[in-house]
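Beneath this line is the structure, given in structure tokens, with notes to follow.
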There are 2 protein chains.
Amino acid sequence: MTRNDPPRPVTIIDVAREAGVAPSTVSRALSNPDRVNVVTREHVQQVAARLGYRPSPAARALGTGRTSTLALVLPDITNPYFAGLIRGAERQAEATGHILVIGNSEESARAEARMVERLAPSVDGFLLGSSRLPDAKIVQFSAMRPVVLVNRRVPSVTSVSPDQQDGTRQIVEHLVALGHQRAIFLAGPPQSWLGGQRWAGISAAARRHHLTVRRLGPYAPSVDGGFLAGEAALADGATAVIAHNDLMAIGALRRLRSRGVSVPDDVSMVGFDNIFGADFCDPPLTTLSDRTEQAGRSAVDLLVALVRDQSRLDGETPAEIVAPTTLVVRESTGPVRR
Amino acid sequence: MTRNDPPRPVTIIDVAREAGVAPSTVSRALSNPDRVNVVTREHVQQVAARLGYRPSPAARALGTGRTSTLALVLPDITNPYFAGLIRGAERQAEATGHILVIGNSEESARAEARMVERLAPSVDGFLLGSSRLPDAKIVQFSAMRPVVLVNRRVPSVTSVSPDQQDGTRQIVEHLVALGHQRAIFLAGPPQSWLGGQRWAGISAAARRHHLTVRRLGPYAPSVDGGFLAGEAALADGATAVIAHNDLMAIGALRRLRSRGVSVPDDVSMVGFDNIFGADFCDPPLTTLSDRTEQAGRSAVDLLVALVRDQSRLDGETPAEIVAPTTLVVRESTGPVRR
DNA sequence: TTGAAAGCGTTACCAA
DNA sequence: TTGGTAACGCTTTCAA
């Protein structure tokens with residue numbers, strides 16, 4: 001069987017010849033429409049369309065240094081929490097004419113750094129979600145390529161993060177209102193900035209409300225990690241458990257249940273993230289919710305702005321969006337049994 | 001505040017000058033190590049490393065026509081079912097030196113086609129997951145760029161799909177063993193090839209085992225869709241419900257529960273996919289499981305092979321991997337109550 | 001407003 | 001085994 005060579009793609013030169021103008025005019029007519037005569041422009045555009053011309057991203061990138069590609073790097077693609085972020089970022093990337101590449105760091109700072117270095121030559125900028133990198137590394141990267149952080153704040157770097165201070169206040173007040181006096185916090189990975197914020201916020205709010213909180217951990221921010229953590233929580237005797245995230249909360253829930261501990265009758269459980277599943281686990285989970293899809297969109301917008309205006313990268317006060325959070329009260333929290 | 005220009009990246013020419021060889025030699029030493037003298041090669045590689053040389057993907061792509069980028073297009077990025085697929089594909093892409101871009105078609109065939117056309121100039125090939133496109137369109141695309149289908153089979157196109165025939169057999173035999181005689185199937189989107197396979201497999205197996213199965217739908221393949229479908233299922237009076245996927249099964253579960261129908265005492269429920277949450281919904285769901293992460297890896301391997309060997313694209317019998325499936329029996333299925 | 005031509009960084013072909 | 005050089009397709013000066 002003989003092979004018919006793939007048709008050579010239509011180039012700007014083909015369009016130029018067909019339209020009877022110079023290649024540079026075609027280029028302008030297509031990407032700088034204002035800088036060309038109306039009739040010429042429309043003629044060129046028609047010819048281009050008729051010939052099925054598709055600009056070569058590689059050639060364009062080589063000339064301009066812009067790839068029209070954005071990278072989204074996450075510690076764990078499979079955490080349902082990130083699904084909304086991915087979707088929001090992808091949508092907005094598409095809306096702004098960009099392609100979104102995805103990177104998974106598997107919860108490892110080293111892998112995250114490698115990923116950024118690997119992707120750097122191919123993308124215009126980075127969205128770092130729940131970055132496990134040390135501040136210094138992030139600052140260093142953001143000097144090379146535009147960076148927008150999601151779920152993390154670092155001085156001088158643009159970011160979008162949920163309001164953990166207000167969120168933890170909501171959690172603590174909810175528990176206090178239910179009569180709880182002793183709670184424990186199941187900590188996630190030490191590299192999690194959000195985890196640090198959560199603990200800090202909980203401690204501060206607890207102090208104000210005379211709630212005693214102990215911190216246990218760190219644990220892996222997964223269902224398995226929560227299962228393990230649930231074991232330790234049992235020993236403490238607190239009436240409320242606040243888990244680093246919903247994954248852990250769900251794991252802990254299973255552990256408690258398997259030990260015959262009733263939630264919320266014996267122990268109340270609170271998570272963070274309001275992930276898929278938080279509303280149908282048993283019992284449905286009280287959790288702090290934030291709008292991840294919106295965060296993804298905003299982050300892309302910020303990143304695109306940075307990319308378009310790299311010259312002002314230094315000296316500018318970077319945007320820091322702090323997004324509102326809402327406590328979603330479900331059946332995993334209840335009044336303390338007397 | 002003055003702006004310090006970003007340092008001009010190190011090019012192959014810089015390396016050549018520093019190493020005292022020609023640019024073409026540098027190129028070879030780096031990408032075709034065999035075609036260059038050992039000492040020269042090592043010298044060049046050292047110099048390149050010392051200078052921190054990073055090849056320009058754009059320049060390389062322009063020269064070779066290869067972008068080292070693969071696209072993964074999915075109908076719904078947020079469906080937890082796809083998390084494993086994404087992760088497997090991303091891992092294997094990285095392992096084979098590729099970048100993975102992601103596209104979301106939002107369950108729309110038109111959006112999927114647009115996505116493919118938009119991405120085509122930027123990638124070496126496509127992974128189409130649970131594609132909603134008509135066969136003809138897929139064949140057409142695969143003539144332009146290498147395509148590997150996941151969760152779909154189309155004659156003459158390479159694919160990886162779970163064995164639905166065997167899977168549905170397992171489901172039907174499980175239900176029959178529990179004494180069920182009447183079941184209903186809650187159908188998903190008509191464009192879902194897997195949905196078609198599921199219905200076909202169920203019908204065939206049911207016939208062999210004298211199980212009566214009615215088909216209801218189509219419904220949206222989501223929790224909300226399942227909630228709606230649950231309503232309709234109630235009216236039927238069957239003792240078993242097989243949902244198009246776990247999302248729908250979970251939705252239907254909630255609906256039945258809210259109507260006071262006990263699962264599995266009154267009705268048994270079976271899903272497909274074994275997604276995150278299937279093990280902790282209430283009751284935990286009996287569902288047909290397949291290895292999505294493995295599928296993602298295999299699909300990337302197949303795609304990379306196609307890309308590397310485009311010349312044999314026509315005339316070759318394409319690979320069709322049919323992966324095993326396993327019924328995971330949990331508490332949502334039980335014996336028929338007499 | 002348009003055209004001509006010089007890059008952009010690699011690869012690949014052809015000589016040497 | 002190496003070097004010289006012409007692409008690759010587009011953008012962007014610089015002139016006209």
Side-chain angles (χ1 to χ4, degrees), chain A residues 5-45 47-48 51-69 97 120-124 308, chain B residues 5-45 47-48 51-69 97 120-124 308 310-311:
Chain A
D5 294 84
R8 192 181 53 73
V10 180
T11 77
I12 211 170
I13 301 199
D14 301 320
V15 178
R17 189 183 320 112
E18 183 75 11
V21 298
S24 50
T25 302
V26 176
S27 173
R28 270 173 299 220
L30 264 24
S31 29
N32 272 53
D34 337 323
R35 311 180 62 80
V36 83
N37 184 300
V38 200
V39 271
T40 320
R41 179 204 314 166
E42 290 184 346
H43 175 55
V44 169
Q45 290 174 340
V47 173
L51 265 42
Y53 167 74
R54 321 278 291 169
S56 152
R60 182 170 287 175
L62 188 55
T64 62
R66 293 275 157 75
T67 60
S68 292
T69 302
S122 307
V123 305
D124 290 343
R308 294 223 169 103
Chain B
D5 294 83
R8 190 182 53 73
V10 180
T11 76
I12 211 169
I13 302 199
D14 301 320
V15 178
R17 190 183 319 110
E18 183 75 10
V21 298
S24 48
T25 302
V26 176
S27 173
R28 270 175 300 223
L30 265 24
S31 29
N32 271 53
D34 339 322
R35 313 179 59 80
V36 83
N37 184 301
V38 199
V39 271
T40 321
R41 179 205 314 167
E42 290 184 348
H43 174 55
V44 169
Q45 288 175 340
V47 173
L51 264 43
Y53 166 74
R54 321 279 292 169
S56 154
R60 182 170 287 177
L62 188 55
T64 62
R66 293 276 158 77
T67 60
S68 292
T69 302
S122 307
V123 306
D124 290 343
R308 294 222 169 105
Q310 293 225 31
S311 54

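These numbers come from the heavy atoms of this one structure, side chains and all, not from hydrogens, waters or symmetry mates. Every chain is numbered from 1 and lettered A, B, ... according to where its sequence line falls, protein lines coming before strand lines.
Listed for the B:Ser27 side chain is no donor-acceptor partner under 3.5 Å among the backbone atoms of B:Pro23. With hydrogens and angles disregarded, a donor-acceptor distance shorter than 3.5 Å links the side chain of A:Thr67 to the backbone of A:Ser122. For B:Arg41 (side chain) and B:Pro33 (main-chain N/O), a donor-acceptor pair under 3.5 Å exists by modelled atom type.
Separating the CD1 atom of B:Ile12 from the P atom of D:dG3 is a distance of 12 Å, rounded to the nearest angstrom. In this entry the distance linking CZ of B:Arg17 with P of C:dG9 reads 12 Å, nearest Å. What separates CZ of B:Arg28 from P of C:dG9 is a distance of 20 Å, to the nearest Å. One atom, CD1 of A:Ile13, and another, C1' of D:dC8, lie 10 Å apart when rounded to the nearest Å. The separation between B:Arg35 atom CZ and D:dG3 atom P is 15 Å, rounded to whole Å. Following rounding to the nearest Å, A:Leu62 (CG) and D:dT12 (C1') show an atom-to-atom distance of 13 Å. The separation between A:Glu42 atom CD and C:dT1 atom P is 14 Å, rounded to whole Å. Rounded to whole angstrom, the span from the CZ atom of B:Arg8 across to the P atom of C:dC8 amounts to 9 Å.
Checking B:Ser56 against B:Arg60 by side-chain atom types alone, no donor-acceptor pair falls below 3.5 Å.
The shortest distance between the side-chain N/O atoms of B:Ser27 and the OP1/OP2 oxygens of C:dT10 is not below 4.0 Å. Contact annotation: A:Thr40 does not reach the phosphate of C:dT1 (side-chain N/O to OP1 or OP2, under 4.0 Å). Residue A:Thr25 has no polar side-chain atom (N or O) positioned under 4.0 Å from OP1 or OP2 of C:dT2.
Checking D:dG9, C:dT10, C:dT2 against the side-chain heavy atoms of A:Asn37 singles out C:dT2 as nearest. Residue A:Pro55 places its side chain closer to D:dC10 than to any other of C:dC8, D:dC10, C:dT11. The listed nucleotides are C:dA4, D:dG4, C:dT10; the one nearest the side chain of B:Ala22 is D:dG4. For B:Ser31, counting side-chain heavy atoms from C-beta on, the closest listed nucleotide (C:dG9, C:dA4, C:dT11) is C:dT11.
The base of D:dG4 lies close enough to the side chain of B:Ser24 for a donor and an acceptor atom to sit less than 3.5 Å apart. Not a single donor-acceptor contact under 3.5 angstrom links the side-chain atoms of B:Arg54 to the base of C:dG9.
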task = Kindly indicate, with the supporting measurements, whether the criterion side chain to side chain contact (heavy atoms under 4.5 Å, CB included) is fulfilled by A:Val10 and A:Arg54.
result = CA-CA 7 Å; A:Val10 180; A:Arg54 321 278 291 169; over 6 Å; no

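Among the heavy atoms of the strands, none lies under 4.0 Å from A:Val26.
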